[in-house]
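Protein chains get the first letters and strands the later ones, always in sequence-line order, with residue 1 at the start of each.
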Amino acid sequence: MEGRELHEAIMELARRRGFFWPSFEIYGGLRGFYTYGNLGTKLKRNIEKAWRRFFVDPHGFLELDTPVLNPLRVFKASGHLEHFKDVMVECLKCHRVFRADHLIEEEAGLEYVEAMGEEAIRRLLREKGIRCPECGGDLSEPQEFLTMFQTQIGPMGGEPGFARPEAAQGMFLNFKLGFHHARERLPFALAQIGKVMRNEISPRRGLLRLREFTIMELELFFDPQEGQCPWFKEVSDESVKLITEEMEAEGFKEPLEVTLGEAVESGYIKTEWQAYFMGVSKRFITYLGVPPERQRFRAHLPEERSHYSTQTYDHEVYLESWGWIEIAGHAYRTDYDLKAHQKASGVDLTVRRADGSRFLPHVVEPSFGLDRLVYVALEVAYRKRDGRTVLALPRWIAPIQAAVMPLVTRDGLPERAREIWSQLKDAGLTVEYEEKGSIGKRYARQDEIGTPIAVTVDYQTLEDDTVTLRDRDSWRQVRQEASRLPELLRSYINGEREFDELGRPL
RNA sequence: GCGGCCGUCGUCUAGCCUGGCUAAGACGUCAGCCUUCCAAGCUGAAGAUCCCGGGUUCGAAUCCCGGCGGCCGCACCA
């Protein structure tokens, strides 16, 4: 299965088994919003946990949880208000809509028109006599599209408020206190998992482009005079596929394959700090089940980059359904944000070096779209076996870690199975008890939601209290004492043991 | 926003062209029986605003118009 068919199969499975589905369906639906069900919520949580394990915990970075709604002055200072809008024009004859700045660039041969501001765009449209490139018709007056959601804070319409389009500003606004809590030493990072909103013109492709979604962001603060990242050596031998800015500009399609060490040396990646997180990023995505050959990093061209970034690499993953899609952005934000907030707020955000000099830290930011990762994990795991569906999710992110079932529903087998189920739950595992239908059907149901292990209570269990463990991917079985399951299954789920080590083969 | 395609139980589909019984089937779900390891079988049950609104007609899931929603392409994705 490939292409759209695969996407449709996953969307159907997601709805049928309760991973996710479109929101507001009883009111006719609304594009760009999805609701997670039980399995989807668990899968999402497990991916969050994995992210912390790779990005936050190893260096003791600090996590924050900051407001979604922000007052106007935050996004005025950050530049979002200025840059998060597009000026559009419509052809009065054929009704096609264009971005005004792109039109001017093409028709008048200018560059970076967006940065010139709205007034300049209006003026240029008039001065250059620009017409519709498709049909030559007259164009409408330029109109603004603000892609941030706006509301009023306070019941009587007090202050304009905006839903954040990224979580990062929360980290910059709280930099001072965060820095203090990190014992005032660089480098350190503030991280956040949270909802953000973007009023996309055209949300599409299920979880891949939403109007409200969850982002996992980390802002690493470092001294720009300190070029060496102390952790970089851990990943410098990691090889990555790169499409550099130059390659992008010249239209190269085949990526360069280099180690991160070489990429920094050659100047493809501007700082070790950013390169470090690109290496972690690759390992993280591999951990979610995406093979390295289906990953690459693609540089943004200057006009494609966000206003705050001086270098951005998108981490892309290859999907059978949609081709290469972006799942993370690695941006070098320099001191852009701290400088902006320092200026707008009047609060000193500089920190002190050992020699007494003061400076604004620089920032590199890895930023993941969690919902996209949920979809990617599902699609990459999706298999067909003998006409049945198997979700070969890595066991550490599987929503249900084990299913306990009696071989038949009589002779005391269900009772014993329920006891084992209870023990495993008490041991902190996410376990389901299942007795509907035949044993084969139950295995198939569990395969379809990616449960890695099935525990079956049979007649021998009544004699010697051993059970069979059945592997989702190979269908092999081993036998083990019930009392040892909590310990063994926990280490299996964590990846500390392989299936063969769980018992005697059958 | 433009263009193309589409919208029927939880899911997948039949019916629509050529208007006419209580909208059919499979899967799933529920109850019961059966069942000693890979979606077995039997009996019964529940489950559909046929996307919404209007029009045509004696009669609309079916024809017409409008809207909403979805998918794809273009544009957009800071």
Side-chain angles (χ1 to χ4, degrees), chain A residues 3-4 7-9 11-18 21-33 37 75 78-91 93-99 101-103 114-115 133-135 140 143 145-148 165-166 198-206 208-211 300 303-309 312 314 322 325-326 329 331 369 385-390 405-411 413 435-448 454 456-462 467-472 475-477 506:
Chain A
R4 199 170 313 157
H7 180 249
E8 277 168 15
M11 299 306 272
E12 189 269 320
L13 173 66
R15 161 189 288 270
R16 190 163 43 78
R17 300 309 305 274
W21 55 85
S23 301
F24 312 117
E25 278 193 322
I26 68 166
Y27 287 111
L30 184 61
R31 259 191 310 182
F33 297 89
F75 294 120
S78 71
H80 284 82
L81 207 59
E82 180 62 30
H83 295 277
F84 235 77
K85 70 182 174 207
D86 292 319
V87 182
M88 314 286 288
V89 288
E90 185 181 354
C91 171
K93 195 169 152 199
C94 70
H95 298 290
R96 276 176 230 265
V97 177
F98 305 93
R99 263 183 68 164
D101 55 323
H102 288 183
L103 215 53
E114 186 178 13
E134 294 295 326
C135 76
S140 70
Q143 275 193 320
F145 278 76
L146 183 66
T147 44
M148 281 195 290
E166 60 167 7
R198 301 178 186 185
N199 202 357
E200 296 284 354
I201 293 169
S202 179
R204 243 167 228 199
R205 299 180 177 181
L208 298 187
R209 190 133 104 237
L210 299 170
R211 287 194 163 122
H300 280 197
E303 60 267 32
E304 193 183 354
R305 276 201 301 262
S306 315
H307 58 280
Y308 49 70
S309 176
T312 298
D314 278 350
W322 305 110
I325 66 144
E326 174 198 350
R385 176 165 182 175
D386 298 351
R388 322 184 346 185
T389 301
V390 180
M405 45 189 77
L407 184 59
V408 292
T409 54
R410 59 169 197 231
D411 302 329
L413 267 48
E435 64 171 39
K436 273 304 292 178
S438 67
I439 189 76
K441 193 173 216 160
R442 293 180 219 142
Y443 287 151
R445 282 176 52 84
Q446 293 298 330
D447 287 348
E448 197 182 42
T456 302
V457 169
D458 55 21
Y459 284 99
Q460 196 181 325
T461 311
L462 301 180
V467 295
T468 62
L469 302 177
R470 177 256 192 194
D471 174 43
R472 174 195 66 202
W475 294 9
R476 280 182 300 154
Q477 294 188 315
L506 284 187

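Rounding to whole angstrom units, CZ of residue R17(A) and C1' of A39(B) are separated by 11 Å. The distance between atom CD of E448(A) and atom P of C27(B), rounded to the nearest whole Å, is 15 Å. In this structure, Q446(A) atom CD and C37(B) atom P are separated by 19 Å, rounded to whole Å. R16(A) has its CZ atom 10 Å from the P atom of U11(B), to the nearest Å. Put simply, CD on E8(A) is 9 Å from P on C12(B), counting in whole angstrom units. As rounded to whole Å, 9 Å separates atom P of U35(B) from atom OH of Y459(A).
A distance of about 15 Å separates the P atoms of A46(B) and A23(B), rounded to the whole Å. To the nearest whole angstrom, the two C1' atoms, one in C52(B) and one in U11(B), are 23 Å apart. Between G44(B) and C58(B), the two C1' atoms lie 40 Å apart (nearest whole Å). Between the C1' atoms of G47(B) and G10(B), the separation comes to 9 Å (whole Å). Rounded to the nearest Å, the gap between the P atom of A26(B) and that of A45(B) is 13 Å. For C30(B) and A75(B), the P atoms lie 48 Å apart once the distance is rounded to whole Å. Taking atom C1' on both A24(B) and C71(B), the two are 27 Å apart, rounded to the nearest angstrom. Remark: the separation of the P atoms in U57(B) and C51(B) is 23 Å, to the nearest Å.
Using a 4.0 Å heavy-atom cutoff across all strands shown, S306(A) reaches sugar-phosphate atoms only and no base atom. If you check every strand for non-hydrogen atoms under 4.0 Å, L413(A) touches nothing. Using a 4.0 Å heavy-atom distance criterion, W322(A) is classed as a sugar-phosphate-only contact. Contact annotation for R204(A): base contact, defined as any heavy-atom pair under 4.0 Å involving a base atom.
A donor-acceptor contact under 3.5 Å is formed by the side chain of R388(A) with the base of C38(B). With hydrogens and angles left out, the side chain of T468(A) and the base of C37(B) share a donor-acceptor pair within 3.5 Å. A donor N or O paired with an acceptor N or O is not found under 3.5 Å between the base of C76(B) and the side-chain atoms of E200(A). Between the base of C37(B) and the side chain of D458(A) there is a donor-acceptor pair shorter than 3.5 Å.
Under 4.0 angstrom from either OP1 or OP2 of C12(B) there lies no side-chain N or O belonging to R15(A). Within the structure, a side-chain polar atom (N or O) of R205(A) is placed less than 4.0 Å from OP1 or OP2 of G73(B).
Heavy-atom nearest nucleotides on RNA chain B were determined for R470(A) and for R410(A), and the one closer to the 5' end corresponds to R410(A). When each of E326(A) and E12(A) is assigned the nucleotide of RNA chain B bearing its nearest heavy atom, the one mapping closer to the 5' terminus is E12(A).
Between the side chain of R198(A) and the backbone N or O of P165(A), at least one donor-acceptor pair lies under 3.5 Å.
Screening R388(A), R385(A), R442(A) for a side chain to side chain contact (heavy atoms under 4.5 Å, CB included) with D447(A), the sole residue that qualifies is R388(A).
When each of A78(B), A39(B), A75(B) is scored by its nearest atom to the side-chain atoms of H307(A), the top-ranked nucleotide is A78(B). The side chain of T409(A) approaches C34(B) more closely than any other nucleotide in the set C38(B), C34(B), G1(B).
Side-chain contact between Y443(A) and M405(A): present, with at least one pair of heavy atoms (C-beta onward) separated by less than 4.5 Å.
The aromatic rings of F33(A) and F24(A) lie perpendicular to each other, with more than 60° between the two planes, well past the 30° mark.
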Item to check | CA sep, side-chain torsions, deciding dist, call: R209(A), E200(A), side chain to side chain contact (heavy atoms under 4.5 Å, CB included) | outcome: CA-CA 8 Å; R209(A) 190 133 104 237; E200(A) 296 284 354; 3.8 Å; yes
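Nucleotide C74(B) forms a pair with G1(B), judged by Watson-Crick or G-U wobble geometry with both contacts under 3.5 Å.
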